[in-house]
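So the structure is just underneath, and the comments pick up after that.
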Amino acid sequence: MELWYTEKQTPNVGITCKVNKTCHREKTPYQDLAVIDTEQFGRMLVLDGVVQTSVADEFVYHEMITHVPLFTHPNPKKALVVGGGDGGSIREILKHPTIEKAVLVEIDQAVVEASKKYLPEISVGLSDSKVEVNIADGIEYVKQHKNEFDLIVVDSTDPVGPAVGLFSLDFYKSIFEALKEDGIFVAQTESPFYEKELIKKVYNDVKSIFPITRLYLCSIPTYPSGLWTFTLGSKKYDPVEVDVEKIPELDTKYYSGRIHKAAFALPKFVEDIIK
Ligand code: SAM
C-alpha cells in the first residue's frame, strides 16, 4: 500500500507527495504538528496541514530571507528571527562573521523541539553560543525591544491563528522601533499567484513606515505555486544599490551576488501588484 500526503494549498489546488513514514505527530497548544518523511523532498515539517519546510528545498527560503538583507547591511551584528522555530534562518544568519548575537522568538516550543530531533540539518544553529532562543509571542517580544537590532526577519506561518498579527501595520511599526537607526526588516509574504491582496497590503503598510521598501522573489517547489515573495523594509540601505560584485562567496546553494540582483527583477504581473 502506498501512503500519500496532500496539502490543499487553495480550495482548488494541492500538492501531493509519496510518504515513506510519519516521524512525529502531536497537537501542540498552538497547532497540529507533523514531521513526515517523503520520497521526493525528504523530511518535512507540517503545521496545521501546511508544509513549512522540507530538507530538499529549505535552503532556498532560508538563504533568501537572510542573505539578501544581511548583504545589504554593511555591518550586521545583532539579528532577530520572529517565528522560524525550525532554525533554518538562524543557521544562515550565523554564516555572517559580523554577527555577534542571533535571537529567535518562536511561540511554539514544540516546533523547536521537533526540529532539533527530526530536522538536525536545519536546526543545527539553535545550540550555537551566539544564539538565544525565546519561547514567546513575537508580537509582544518586539514591542518590548527598542533600537536594538540590525536585522529583523519575520519567518512566520501563513496569516492564520497566532501569525495573523505578524502581518499587521501595528507590528511593522513596532519592528521599526525595535531596529537600530540603519536597521533592515524582511518578511516572507506568500505567493504572488495566490495572495495578491496580502502582498499589496503588506507592501503598502511597510512603505508607509520605512523609507525604502522592496519586494523580491525566489522559487520554492513545496510552497504554493512555487514562486515566493519577500517584502523588505529598510531605514537606510537599499538592497538594489548593493555592489553585488563585492559580495563574497558564501557556503550557499541558491543565494549569490547574481541572484541578489536578479531577485528584484519582478515579472510584470508582480510589478502590477505593488504599483
Ligand atoms: N518557512 C515557513 C513558511 O513560510 O511556511 C515558516 C516556518 S516557521 C516553522 C513559522 C513559525 O512561526 C511556526 O513555528 C509558528 O509556531 C511561528 N509563529 C506563528 N505565530 C507566531 C508568533 N505570533 N510569534 C512567534 N512565532 C510565531
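What you see is a predicted model, and the numbers here were worked out from it, not measured in a lab. Read the numbers this way: they start at 1 and go in the same order the structure lists the ligands and their atoms. Every heavy atom of this structure was used, including side-chain atoms; hydrogens, water molecules and symmetry mates were not.
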Would you check if the side chain of [X] reaches a backbone N or O of [Y] as a donor-acceptor pair within less than 3.5 Å?
| X | Y | answer |
| --- | --- | --- |
| Gln31 | Leu47 | no |
| Glu7 | Val51 | yes |
| Thr98 | Pro76 | yes |

[X] N/O to ligand 1 N/O under 3.5 Å:
| X | answer |
| --- | --- |
| Gln31 | yes |
| Trp228 | no |
| Gly138 | yes |
| Asp137 | yes |
| Asp108 | no |
| Pro162 | yes |

Below 4.0 angstrom from a heavy atom of [X], which ligand 1 atoms are there? Numbered from 1 as shown, please.
| X | answer |
| --- | --- |
| Leu47 | 13 (C), 14 (O) |
| Val105 | 25 (C), 26 (N) |
| Val111 | 14 (O) |
| Tyr223 | 1 (N), 2 (C), 3 (C), 4 (O), 5 (O) |
| Asp86 | 7 (C), 8 (S), 9 (C) |
| Ala163 | 19 (C), 20 (N) |

Taking atom [atom1] of [X] as the centre, report whether more than 12 heavy atoms of other residues, nucleotides or ligands fall under 6.0 Å from it.
| X | atom1 | value |
| --- | --- | --- |
| Gln144 | CD | yes |
| Lys8 | NZ | no |
| Lys207 | NZ | no |

Please list the nearest protein heavy atom to [atom] with its residue and the distance rounded to 0.1 Å.
| atom | value |
| --- | --- |
| atom 25 (C) of ligand 1 | Ile107 N, 3.3 Å |
| atom 15 (C) of ligand 1 | Glu106 OE2, 3.3 Å |
| atom 10 (C) of ligand 1 | Asp155 O, 3.3 Å |
| atom 12 (O) of ligand 1 | Gly83 CA, 3.4 Å |

Looking only at heavy atoms, is any part of [X] under 4.0 Å from ligand 1, and if so is it the side chain, the backbone, or both, or is it neither?
| X | answer |
| --- | --- |
| Tyr61 | side chain |
| Tyr30 | neither |
| Gln52 | both |
| Leu166 | side chain |
| Ser156 | backbone |
| Thr157 | both |

Worksheet entry | CA sep, side-chain torsions, deciding dist, call: Asp86, Gln52, side chain to side chain donor-acceptor pair (under 3.5 Å) | CA-CA 9 Å; Asp86 52 74; Gln52 301 297 306; over 6 Å; no
Discussion item. Evaluate Glu92 against Lys95 for salt bridge (Lys or Arg N to Asp or Glu O under 4.0 Å), listing each step before the verdict.
Written reply: CA-CA 5 Å; Glu92 293 305 312; Lys95 290 180 181 173; 3.0 Å; yes
Item to complete: Could you walk me through whether Thr189 and Thr229 pass side chain to side chain donor-acceptor pair (under 3.5 Å), step by step?
Response: CA-CA 5 Å; Thr189 43; Thr229 67; 2.8 Å; yes
Do NZ/NE/NH1/NH2 and the carboxylate oxygens of [X] and [Y] come within less than 4.0 Å?
| X | Y | answer |
| --- | --- | --- |
| Lys180 | Asp150 | yes |
| Lys143 | Glu140 | yes |
| Glu148 | Lys78 | yes |

Worksheet item: Are Ile122 and His62 close enough that some pair of their side-chain heavy atoms sits under 4.5 Å apart?
Response: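 They are in side-chain contact.
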